[in-house]
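Encoded as structure tokens, the structure appears first; notes follow it.
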Amino acid sequence: MSTTLTTTQLQQQYIAYFGRPGDPSGITNWLDSGLTEEQFAEKIYAQDEYKTTTIASKSTQDQVNSLYVNLFGRAADSEGLLFWTGEILATRKTLSNLALDLIWSANNP
């Protein structure tokens with residue numbers, strides 16, 4: 001998963017973390033950055049917009065569920081919610097890169 005970013009990858013992460021697509025000028029700037037998907041995920045997760053308005057007081061479980069809602073238009077099923085929350089709490093996964101795992105899982109059933 002460590003390739004240079006594409007517009008689709010950027011938009012998927014914007015939708016996952018912010019619940020909205022990225023604006024065209026922002027997408028162009030990120031495309032020109034030379035970042036990988038993983039590096040962009042770290043950057044977008046650290047954005048003030050995400051930290052202060054999206055996850056300010058949410059539990060790990062609620063953050064995982066928010067990613068499901070933003071990406072798939074539905075709440076996480078109980079098995080998925082428990083699995084991903086457990087992976088994060090056990091530090092095998094991070095919230096900053098969870099959207100990448102969810103997107104990959106959806107595209108590779």
Side-chain angles (χ1 to χ4, degrees):
M1 275 199 268
S2 62
T3 60
T4 304
L5 287 166
T6 66
T7 300
T8 299
Q9 293 165 331
L10 285 167
Q11 292 293 14
Q12 287 173 328
Q13 288 193 52
Y14 261 95
I15 289 167
Y17 288 106
F18 298 130
R20 64 166 177 82
D23 65 86
S25 63
I27 294 298
T28 300
N29 287 337
W30 287 115
L31 285 172
D32 293 340
S33 71
L35 296 174
T36 65
E37 285 184 276
E38 293 86 356
Q39 292 167 329
F40 178 70
E42 294 288 337
K43 297 266 186 205
I44 199 169
Y45 182 79
Q47 295 293 312
D48 284 342
E49 177 184 354
Y50 188 70
K51 292 288 189 187
T52 60
T53 62
T54 308
I55 65 160
S57 62
K58 287 185 178 179
S59 67
T60 299
Q61 193 171 30
D62 287 342
Q63 290 180 62
V64 170
N65 200 51
S66 290
L67 290 173
Y68 264 81
V69 170
N70 290 348
L71 285 169
F72 308 123
R74 65 170 176 83
D77 58 280
S78 58
E79 280 185 30
L81 186 59
L82 287 172
F83 174 77
W84 292 113
T85 301
E87 290 294 294
I88 291 163
L89 294 175
T91 67
R92 290 185 290 270
K93 300 287 180 184
T94 63
L95 278 162
S96 62
N97 280 298
L98 183 58
L100 294 177
D101 292 323
L102 292 173
I103 293 165
W104 187 90
S105 295
N107 291 324
N108 298 282

Please report the closest heavy-atom contact between A99 and A16, naming both atoms and the distance. CB-CB, 3.6 Å

Using modelled atom types only, decide if a donor and an acceptor are shared between the side chain of S33 and the backbone of W30 within a distance under 3.5 Å. yes

Between the side chain of Y14 and the main-chain N/O of I44, is any donor-acceptor distance below 3.5 Å? no

Do any N or O atoms from the side chain of Q63 and from the backbone of K58 form a donor-acceptor pair under 3.5 angstrom? yes

Whether the side chain of N65 engages the backbone of A76 through a donor-acceptor N/O pair (distance < 3.5 Å, no angle test) should be reported. yes

Could you grab the distance from atom CG of L102 to atom CD of Q12, nearest 0.5 Å is fine? 11.5 Å

Closest non-hydrogen atom pair, K43 against L35: CG-CD1, 4.1 Å

With a 4.5 Å heavy-atom cut-off, do Q13 and L100 have their side chains touching? yes

Main chain of N97, side chain of E42: is a donor-acceptor contact present, judged purely on distance under 3.5 Å? no

Is there a path of hydrophobic side-chain contacts, each under 4.5 Å between heavy atoms of I/L/V/M/F/W/Y residues, joining Y68 to F83? yes

Using side-chain heavy atoms (C-beta onward) and a distance below 4.5 Å, is Q9 in contact with F40? no

Are Y17 and Q47 packed together at the side-chain level, in the sense that at least one heavy-atom pair is separated by less than 4.5 angstrom? no

For the residue pair I88 and T94, what are the closest heavy atoms and their distance? CG1-C, 4.3 Å

Is Y45 reachable from I15 through a run of hydrophobic residues whose side-chain heavy atoms are each under 4.5 Å from the next? no

Side-chain heavy atoms of L67 within contact of W84, under 4.5 Å: no

Would T8 and T6 count as having a side-chain donor-acceptor pair, cut-off 3.5 Å? no

Determine whether E37 and L5 make a side-chain contact, defined as any pair of heavy atoms from C-beta on separated by less than 4.5 Å. yes

May I ask whether F72 and I103 are part of the same hydrophobic cluster, defined by side-chain heavy atoms of I, L, V, M, F, W, Y residues being less than 4.5 angstrom apart, directly or through others? yes

Once you round to the nearest 0.5 Å, how far does OG1 of T36 lie from CD of E38? 4.5 Å

NZ of K93 to CG of L98: how many Å apart, nearest 0.5 Å? 8.5 Å

Between the CZ atom in R92 and the CG atom in D101, the distance rounded to the nearest 0.5 Å is 12.5 Å

